[in-house]
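What follows is a set of notes on a single structure, which appears directly below.
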Amino acid sequence: MAIRHPLQRLESPSRQLSMLLHLAGIASFAASFKYLQGWETPMSLAFGGHFQFLTIIGLALALSTFVVGFLADATLSSRLFKLKSVLSVCSAPLEVLISVLYWGLCAIDKSLVFPPDMQLDFLPDFGFHAAPAIFLAIDLLLLSPPWTIHGYSALALSESLAFLYWFWVEYCHSHNGWYPYPIFDILNTWQRTLLFTFSASLMTGSTMLLKWTYGKINGIEEFKKEAVANPAGIRAKSE
């Protein structure tokens with residue numbers, strides 16, 4: 001039997017609200033993947049398929065996180081719940097990053113992320129680029145124990161994910177001759193380096209923002225101060 005963390009806002013794992021949220025998230029993410037099956041594009045037939053897109057990689061990680069969360073709810077397993085929390089450290093900030101980058105670039109010029117002939121209708125667009133971040137944020141803020149990750153660890157994780165994705169994109173480019181996102185074709189190598197470095201920093205910032213918001217909602221002053229004043233988590237030596 002799983003025991004609720006004392007600093008956690010709502011009960012989870014549980015067969016009530018927590019299970020309903022995870023089921024709703026799974027249904028949303030599965031609907032997005034089903035949409036992909038009927039959406040034939042040059043990308044879907046190329047090397048790497050839809051998984052050339054960071055959006056789809058993030059969606060797969062979000063789906064995995066919520067499947068594990070649902071199994072934890074169904075079995076009330078503390079081990080599965082801990083695994084869900086570990087996955088959430090990667091998936092929640094990544095989805096926030098994806099949402100910020102996507103909607104930010106769309107506000108500038110939507111053709112930077114999608115060719116004009118591949119624009120999405122609002123509902124699937126929302127399902128790919130907003131719903132995962134919303135579901136994961138709710139799960140983190142209300143149904144999860146507090147994160148213990150600090151700024152340096154978050155930065156290391158973000159940098160690793162950013163440059164692993166860059167390596168994957170370049171590998172797909174070596175097979176296909178083009179990039180999944182039009183903005184990559186516009187930028188030269190040094191500019192892409194800056195973009196991925198900026199993205200990693202933004203993901204680190206989203207991690208600390210989620211941690212600060214968790215402290216704000218759950219009344220944990222230590223988390224709020226740590227996220228703003230001491231993101232690295234360095235403790236002063238006692239006299």
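Ring geometry for W168 against F47 counts as tilted: the plane angle lies between 30° and 60°, on a 0 to 90° scale. Taking the six-membered ring where the residue is Trp, H175 and Y171 present perpendicular rings, their angle passing 60° and hence far from 30°. Ring geometry, W39 versus Y35: the interplanar angle falls from 30° to 60°, so the pair is classed tilted.
S206 approaches V96 most closely through the heavy-atom pair CB-CG1, 3.7 Å. Across every non-hydrogen atom of S144 and F81, the tightest pair is CA-CZ, 4.3 Å. For P145 against S85, the heavy-atom pair with the smallest separation is CD-OG, 3.7 Å. Annotation for S158 and T204: closest pair OG-OG1, 3.3 Å, computed over non-hydrogen atoms. Listed here is the closest heavy atom pair of V68 and L80: CG1-O, 3.3 Å. Summarising the geometry of S28 relative to F135, their closest heavy-atom pair is CB-CE1, 3.8 Å, with the distance given to 0.1 Å.
Distance check: L54 CG to Y165 OH gives 5.0 Å after rounding to the nearest 0.5 Å. Atom CH2 of W212 and atom OG1 of T207 lie 16.0 Å apart (nearest 0.5 Å). Put simply, CZ on F114 and OG1 on T41 are 9.0 Å apart, with the number rounded to the nearest 0.5 Å. Distance CG/L59 to CD/E95: 6.5 Å, rounded to 0.5 Å. One finds the CG atom of D125 at 10.0 Å from the OG atom of S32 (value rounded to the nearest 0.5 Å). Within the model, atoms CD1 of I57 and OG of S91 stand 14.0 Å from one another, a figure rounded to the nearest 0.5 Å.
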Where do Y102 and K110 land on the side-chain contact (heavy atoms from CB on, under 4.5 Å) test, with the steps shown first? CA-CA 9 Å; Y102 177 79; K110 202 166 187 177; 3.5 Å; yes
Please lay out, stage by stage, how S44 and L36 fare under the test side-chain contact (heavy atoms from CB on, under 4.5 Å). CA-CA 8 Å; S44 64; L36 283 180; over 6 Å; no
Checking side-chain contact (heavy atoms from CB on, under 4.5 Å) for the pair T193/W166: CA distance, chi angles, key distance, verdict? CA-CA 9 Å; T193 302; W166 188 14; 2.9 Å; yes
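Cluster annotation: I56 and F167 are assigned to distinct hydrophobic clusters (Ile/Leu/Val/Met/Phe/Trp/Tyr, side-chain heavy-atom contacts under 4.5 Å, transitive). A single hydrophobic cluster is not seen to contain both I98 and L164; linkage of ILVMFWY side chains at heavy-atom distances under 4.5 Å, directly or through other members, places them apart. Following chains of ILVMFWY side-chain contacts shorter than 4.5 Å, one cannot reach V169 starting from L194, and the two form parts of different hydrophobic clusters. Hydrophobic clustering (side-chain heavy atoms under 4.5 Å, transitive across Ile, Leu, Val, Met, Phe, Trp, Tyr) keeps L45 apart from F51. Note: the hydrophobic cluster containing I26 does not contain L20 (ILVMFWY, side chain heavy atoms under 4.5 Å, direct or indirect links).
Residues F29 and T65 have side chains not in contact (no heavy-atom distance under 4.5 Å, counting atoms from C-beta outward). At least one side-chain heavy atom of R15 sits under 4.5 Å from a side-chain heavy atom of L76. Annotation: side chain of L71 is not in contact with side chain of S77 (no heavy-atom distance under 4.5 Å). Between K84 and D139, some side-chain heavy-atom pair lies under the 4.5 Å cut-off. Between T197 and E159 the shortest side-chain heavy-atom distance falls below 4.5 Å. Taking 4.5 Å as the limit, some side-chain heavy atom of L61 sits within range of a side-chain heavy atom of C90. When side chains are defined from C-beta on, L94 counts as touching M203, because their heavy atoms get closer than 4.5 Å. Side-chain contact between L112 and Y181: absent, with no pair of heavy atoms (C-beta onward) separated by less than 4.5 Å.
No donor-acceptor distance shorter than 3.5 angstrom exists from the side chain of Q52 to the backbone of Y179, with no hydrogens or angles considered. Counting only distance, with no hydrogens or angles, the side chain of D121 and the backbone of L123 share no donor-acceptor pair below 3.5 Å.
Within 6.0 Å of atom CD in Q16, 12 or fewer heavy atoms from other residues, nucleotides or ligands are found, so the atom counts as exposed in its surroundings. By the neighbour-count criterion of 12 heavy atoms within 6.0 Å, atom CZ of F163 is densely surrounded, having more than that number from other residues, nucleotides or ligands.
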